[in-house]
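Okay, structure first, notes after.
None of these values were measured; they are calculated from a predicted model. Naming convention: chains lettered A, B, ... in sequence-line order (proteins, then strands); numbering from 1 in each chain.
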Amino acid sequence: MKIATWNVNSIRTRLDHVLQWLDANPVDVLCLQETKVIDADFPRSAIEALGYQIYTSGQKSYNGVALLSRITLETVNAGFAPVVGESVVAFDAQKRVISGICQDLCIVNLYVPNGSEVGSEKYQYKLEWLAILQNYLKTLLSQHPHVLVCGDFNIAPDDRDIHNPAGREMHIMASAAERQALQQSILNLGFVDAFRQFNSEGGQFTWWDYRAAAFPRNMGWRIDHHYLSPNLSPQAKSCVIDKTPRTWDKPSDHTPVIVEL
DNA sequence: ATGGCATCTAACAGATGA
């Protein structure tokens, strides 16, 4: 079973890229982030024609996540509240979470807040959001034999995941508090970074800034990840970054990451 | 130290992203 994650930076702008990529890479489930469209306007028909069912949680202009699946998913939930409870419903105003069940596997697709600048209000929101994520994942781990959490985490786990780590301690996506939140909310629950099961090298990135010719210079960050629950990680066969779509005309600034179980 | 690039909008400049 192959599952991919891809921040497409607008599904309507990137529809042709998604179709082209799925045609060449018929993964079982594709998790999209930053769809930037309300559910009613999600471009469904061409994706469905490739054999995918579509589950969306979107909003106007910003954020938005979707699951594209060749297998029918059960119990698709949008947001934290269906799992954690109504006390966290305020954090579901921004559409950043969708999950679905495929046999004994719970697949979670996340678009973690960017955080803007270290110390800003949005940074605080990011840290609070990650604290709620911890409760959300604890609950899912208690309910399902296997859990896969993937998406755009907007955090580089360590300095191998940044093209130039010098002076990055106060940089968004690399600050100590963000890395600690990633540790506490995900890794301390036993989740394993699937990519690092197979590749310990630096210079392996999933996002490159549109500016300053960052992609041809490989000045990127590894911020898109797959995390596997403890009893799922031994089942991973591979985890690879596909840089191909980042070379296409008018690309997303992110590129897909595929895990095979 | 700054800006650089892309996407969105009751758009045409400003917010947001990372």
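- Distance check on atom C1': B:dG4 versus B:dA10 gives 30 Å, rounded to whole Å.
- Applying the 4.0 Å criterion to OP1 and OP2 of B:dA18, one finds that A:H254 has a side-chain N or O inside that range.
- With A:F91 as the partner, the ring pair (Phe, Tyr, Trp, His ring centres under 6.0 Å) test is satisfied by one option alone out of A:W129, A:Y125, A:F80: A:Y125.
- In this structure, NZ of A:K60 is placed 11 Å from C1' of B:dA11, rounded to the nearest angstrom.
- Whole-Å rounding puts the A:E34 CD to B:dG17 P distance at 8 Å.
- Across the protein-nucleic acid pair, A:Y111 atom OH and B:dA18 atom C1' stand 8 Å apart, rounded to whole Å.
- Between the CZ atom of A:R12 and the P atom of B:dC8 there is a distance of 7 Å, rounded to whole Å.
- An OP1 or OP2 oxygen of B:dA18 is reached within less than 4.0 angstrom by a side-chain nitrogen or oxygen of A:N7.
- Remark: the separation of the C1' atoms in B:dC12 and B:dA1 is 30 Å, to the nearest Å.
- For B:dT16, neither phosphate oxygen OP1 nor OP2 lies less than 4.0 angstrom from any side-chain nitrogen or oxygen of A:S116.
- Using cut-offs of 30° and 60° for the angle between ring planes, the A:H225 and A:F153 rings count as parallel.
- When the P atom is compared between B:dA6 and B:dT2, the two are found 22 Å apart, to the nearest whole Å.
- The CD atom of A:Q94 sits 17 Å away from the P atom of B:dA15 (whole-angstrom rounding).
- If you measure from atom CG of A:N63 to atom P of B:dT7, you get 17 Å, rounded to the nearest angstrom.
- Remark: aromatic rings of A:H163 and A:W207 are distant, center separation not under 6.0 Å.
- Rounded to whole Å, the distance from CD on A:Q33 to P on B:dA18 is 10 Å.
- Atom CD in A:Q183 sits 12.5 Å away from atom CG in A:L130 (nearest 0.5 Å).
- With rounding to whole Å, A:Y62 atom OH is found 9 Å from B:dA15 atom P.
- Comparing the P positions of B:dG3 and B:dG14 gives an interatomic distance of 14 Å, to the nearest angstrom.
- No donor-acceptor contact under 3.5 angstrom links the side chains of A:N25 and A:K2, judged on distance only.
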